Amino acid sequence: MNFYDIHPEYRNHPMLIEDTGQCVTYGDFADFYHRVETQLDSGRLLFLFCENSIGAVFVYLSCLNRGIVPVLLDKNLDHDLARQLIAAYQPEYVAMPDDSCIDPHSSPEGSTPPENSKVICSCFRYQIIQCGDATTRSPLHKDLALLLTTSGSTGSPKLVRQSRRNIASNAAAIAEYLELNDTERPITSLPMPYTFGLSIMNSHFLVGATVLLTRHTLFEREFWEFFRREGATSISGVPYTFEMLKRLSFFDMELPTLRTMTQAGGKLSPKLHREFAEYAERNGRRFIVMYGQTEATARMGYLPAKDAIRKCGSMGIAIPGGTFRLMEDEHTEITEPDVVGELVYEGENVTMGYAQTRADLAKGDERGGVLFTGDMAKRDPDGYYYITGRKKRFLKMFGKRVNMDEIEQMIKQQYDRIDIACTGEDDHMRIYLTQADETFCSQVEAWITEKTGLHPTGVRVMPIDAIPKNISGKTIYKNLPEM
């Protein structure tokens with residue numbers, strides 16, 4: 001099963017438009033691929049240091065077409081981590097922007113960089129570099145197609161192994177439930193190496209749509225100028241994205257071409273969910289909440305736009321071709337409504353497993369299409385699912401089991417102007433707030449202990465300048481200070 005085939009019918013249709021003004025068609029990609037395919041050997045590993053640019057996308061798709069396995073990494077990845085990853089996985093090729101400062105010849109300490117490194121090609125401000133003799137590398141499994149970092153990974157060599165079937169089935173399911181066609185123009189408000197951002201590209205390429213590539217953020221005037229100039233039809237983001245959109249007075253913006261807003265990457269607060277759903281209904285647009293993990297390629301569930309208000313707070317139903325169930329433990333399924341259990345997903349998009357070294361890339365499918373998500377959820381009588389928290393995001397507070405994700409949601413609903421993170425150990429909960437002073441923290445501390453019945457001696461609320469986030473906007477809890 002191929003993920004992406006070159007479609008002659010799209011040859012003259014715009015494929016990618018950069019905020020620099022450069023535009024390429026699907027035919028331009030076909031021409032690029034035919035130039036580089038004979039210079040690249042299939043069954044090899046390639047590290048792709050990504051940015052939202054034509055060069056990065058062309059290299060990525062060329063890898064999938066040629067049977068080369070790309071590892072997608074941020075072009076601004078810490079140089080020490082880049083060296084560690086290159087040493088651990090020993091890629092045959094490295095691709096990066098011309099202005100990158102990463103050393104593609106990084107080797108384990110004490111060893112010598114390969115002598116036969118050379119630039120294979122250079123195009124669209126990207127270069128592909130051969131990094132050594134492939135005969136010295138361990139082989140890759142025949143089904144392996146793509147490697148992505150686990151969500152939130154900042155210093156671990158752990159990668160998710162995705163097959164061609166995983167990518168193809170998930171992209172097709174997304175295109176189906178979003179009813180995508182070649183008139184769509186999504187704008188890249190998310191980074192390419194992030195599974196959600198990549199899935200937006202994958203699903204739109206299947207239908208011949210035009211992807212708008214920008215490296216500007218929502219906070220920059222250039223982002224919105226590009227949005228309006230090129231007529232973006234959809235915008236996507238994680239919960240933090242939508243919190244920022246509200247602060248940027250998104251509801252008052254003139255965006256006549258906007259059709260769809262999609263959200264994934266974590267649970268949106270019910271209050272913010274309702275605000276965006278009501279905005280969409282008033283303006284004849286669609287607001288679609290989705291649910292996914294890198295371990296399931298990208299997406300497992302979605303809430304149809306027609307249910308955005310009626311089922312506010314829900315992450316919806318399984319995507320086409322997938323199924324959900326709730327488990328009390330590894331063997332006992334929960335069939336009653338409104339009972340919390342671990343959410344389990346089954347479908348062709350469930351990935352092959354993890355890798356931590358080059359040798360792991362020879363492994364086959366270790367999951368058999370079934371993923372225990374680690375998320376706790378409940379199902380209503382209509383079959384719609386609601387995430388209640390992470391399986392491991394619990395503390396025992398003086399004998400009482402407390403879900404830290406629920407604590408965060410409670411405070412966000414009460415004080416929506418702040419960012420928040422909750423962490424701690426048993427009997428000691430720490431809550432960090434932005435835009436807060438000691439007086440406000442004391443107020444929140446009194447409110448949360450009153451609402452939950454937690455003993456005040458076990459709860460500490462503290463101000464912090466900024467909550468540490470990864471590139472997908474998720475909180476990096478391990479980077480919070482221990483006070």
Side-chain angles (χ1 to χ4, degrees), residues 1-16 18 22-73 75 89-98 100 104 114 116-148 161-168 171 192-193 198 201-209 211 213 361:
M1 177 184 286
N2 290 328
F3 155 61
Y4 179 77
D5 292 313
I6 293 173
H7 301 285
E9 66 269 30
Y10 300 144
R11 180 166 184 85
N12 297 318
H13 196 276
M15 180 183 189
L16 300 164
E18 278 190 3
Q22 187 170 18
C23 173
V24 292
T25 66
Y26 281 83
D28 290 328
F29 168 69
D31 295 341
F32 172 85
Y33 175 67
H34 292 317
R35 287 200 306 273
V36 302
E37 65 173 324
T38 57
Q39 302 176 62
L40 300 169
D41 296 327
S42 61
R44 308 298 185 222
L45 188 68
L46 180 147
F47 270 33
L48 174 53
F49 290 93
C50 299
E51 59 185 0
N52 290 340
S53 70
I54 292 170
V57 175
F58 273 22
V59 172
Y60 163 68
L61 291 178
S62 295
C63 287
L64 295 187
N65 275 27
R66 185 66 177 126
I68 292 168
V69 178
V71 181
L72 269 54
L73 301 165
K75 83 157 197 172
Y89 287 97
Q90 303 167 21
E92 286 86 351
Y93 303 107
V94 172
M96 62 181 66
D98 290 339
S100 175
N116 57 341
S117 297
K118 62 179 179 179
V119 176
I120 298 293
C121 73
S122 183
C123 196
F124 296 105
R125 303 191 306 277
Y126 254 75
Q127 54 183 327
I128 302 176
I129 301 165
Q130 182 177 326
C131 294
D133 185 358
T135 61
T136 65
R137 313 292 206 259
S138 57
L140 312 182
H141 192 277
K142 62 182 178 58
D143 295 334
L144 185 63
L146 173 67
L147 292 158
L148 294 179
R161 296 181 289 120
Q162 298 192 358
S163 71
R164 204 161 254 97
R165 180 178 294 276
N166 295 155
I167 304 167
M192 182 178 168
L198 185 65
M201 294 186 184
N202 288 343
S203 55
H204 283 83
F205 292 148
L206 285 187
V207 299
V211 176
L213 297 170
L361 305 186

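Side-chain atoms are counted along with the backbone in the values below, which use heavy atoms only and exclude waters and symmetry mates. What you see is a predicted model, and the numbers here were worked out from it, not measured in a lab.
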| Is the side chain of Arg137 donor-acceptor paired with the backbone N or O of Glu92 at a distance under 3.5 Å, no angle test? | no
| note | Output for pair (Tyr60 OH, Met192 CE), nearest 0.5 Å, gives 6.5 Å
| query | Got a donor-acceptor contact below 3.5 angstrom from the Tyr26 side chain to the Ala209 backbone? | reply | yes
| field | Mutual orientation of the aromatic rings belonging to Phe29 and Tyr33 [parallel < 30°, tilted 30-60°, perpendicular > 60°] | value | parallel
| Is there a donor-acceptor pair closer than 3.5 Å between any side-chain N or O of His141 and the backbone N or O of Asp143? | yes
| message | Quick one, Arg11 and Asp31 - any side-chain contact, counting heavy atoms below 4.5 Å? | response | yes
| task | Quick one: closest heavy-atom pair of Leu46 and Ala95, and the distance? | result | CD2-CB, 4.0 Å
| query | Only one of Asn52, Leu16, Val57 clears side-chain contact (heavy atoms from CB on, under 4.5 Å) with Val211; which? | reply | Leu16
| note | Taken in chain and number order and not counting sequence neighbours, the residues that satisfy side-chain contact (heavy atoms from CB on, under 4.5 Å) with Ser122 are Asp98, Gln127
| said: Within this structure, what is the CD1-CD1 distance for the pair Ile68 and Ile128, rounded to the nearest 0.5 Å? | reply: 7.5 Å
| field | Atom pair CD1/CG of Ile167 and Leu146 - distance to nearest 0.5 Å | value | 4.5 Å
| field | Leu61 vs Met15 side-chain heavy atoms within contact, under 4.5 Å | value | yes
| request: Supply the atom-to-atom distance Cys123 SG to Phe32 CZ, rounded to the nearest 0.5 angstrom. | output: 5.5 Å
| task | Go through Ser62 and Asn65 one step at a time and tell me if the side chain to side chain donor-acceptor pair (under 3.5 Å) criterion holds. | result | CA-CA 5 Å; Ser62 295; Asn65 275 27; over 6 Å; no
| request: Using the test side-chain contact (heavy atoms from CB on, under 4.5 Å), find all partners of Gln22 that sit at least two apart in sequence or belong to another chain. | output: Glu18, Thr20, Ile54, Phe124, Arg125
| request: Can you measure from OH (Tyr126) to CD (Glu51) and round to the nearest 0.5 angstrom? | output: 4.5 Å
| Of Val69, Asn166, Leu147, Leu148, which meets side-chain contact (heavy atoms from CB on, under 4.5 Å) against Arg161? | Leu147
| request: Mind checking the CZ-CD spacing from Phe47 to Gln90? Nearest 0.5 Å is all I need. | output: 9.5 Å
| task | Could you tell me whether the side chains of Asp28 and Thr25 share a donor-acceptor contact shorter than 3.5 Å? | result | yes
| message | Tell me whether Arg164 contacts the main-chain N or O of Leu64 through its side chain, where contact means a donor paired with an acceptor under 3.5 Å. | response | yes
